[in-house]
Amino acid sequence: MNINGSIFDTGHNKEITNFTLANVAPNETKITLASLAGVQLSNNVEFRILKFESSGSVTPVLIDLNDYFKITLNLNDLSISSENLTI
């Protein structure tokens with residue numbers, strides 16, 4: 001399967017970065033990296049799946065409603081370089 005997605009800042013109403021995970025097999029882990037250097041983020045950030053496609057099947061595929069996507073975001077080496085205080 002292929003997944004196209006984005007990280008979207010709803011506080012600033014803008015896309016931060018987009019990504020493609022190609023040829024993801026069942027139970028496989030794929031990693032994509034994105035630099036946030038110089039990016040200003042609000043405290044309202046979303047992960048959005050923009051496109052999800054599979055090679056398909058010649059027979060109907062039953063969907064188990066107990067299945068799910070597991071998405072893990074690892075944020076490393078983050079620090080605050082500036083801040084604003086609103087009172």
Output a table of donor-acceptor pairs, distance under 3.5 Å, between side-chain atoms of residues 8-18 and any protein atom two or more places apart or on a different chain; print 'none' if there are none.
from, atom 1, to, atom 2, distance (Å)
Asp9, OD1, Gly11, N, 2.9
Asp9, OD1, His12, N, 3.1
Asp9, OD1, Ser42, OG, 2.5
Asp9, OD2, His12, ND1, 3.0
Asp9, OD2, Ser42, N, 2.8
Thr10, OG1, Asn44, O, 3.0
Glu15, OE1, Asn18, ND2, 3.4

Return each pair, listed once, that meets salt bridge (charged side-chain N to carboxylate O under 4.0 Å, His left out) where at least one residue sits in residues 32-58; pairs must be two or more places apart or across chains. Glu46-Arg48, Lys51-Glu53
Assigning hydrophobic clusters by single linkage (Ile, Leu, Val, Met, Phe, Trp, Tyr; side-chain heavy-atom cutoff under 4.5 Å), is Ile7 placed with Leu50? no
Ile31 to Leu33 - nearest heavy-atom pair and separation: CG2-CD2, 4.1 Å
I'd like to know whether Asn23 forms a side chain to side chain contact (heavy atoms under 4.5 Å, CB included) with Asn2, so could you lay out the CA-CA distance, the side-chain angles of the two residues, the decisive distance to 0.1 Å, and finally the verdict. CA-CA 5 Å; Asn23 301 316; Asn2 298 316; 3.9 Å; yes
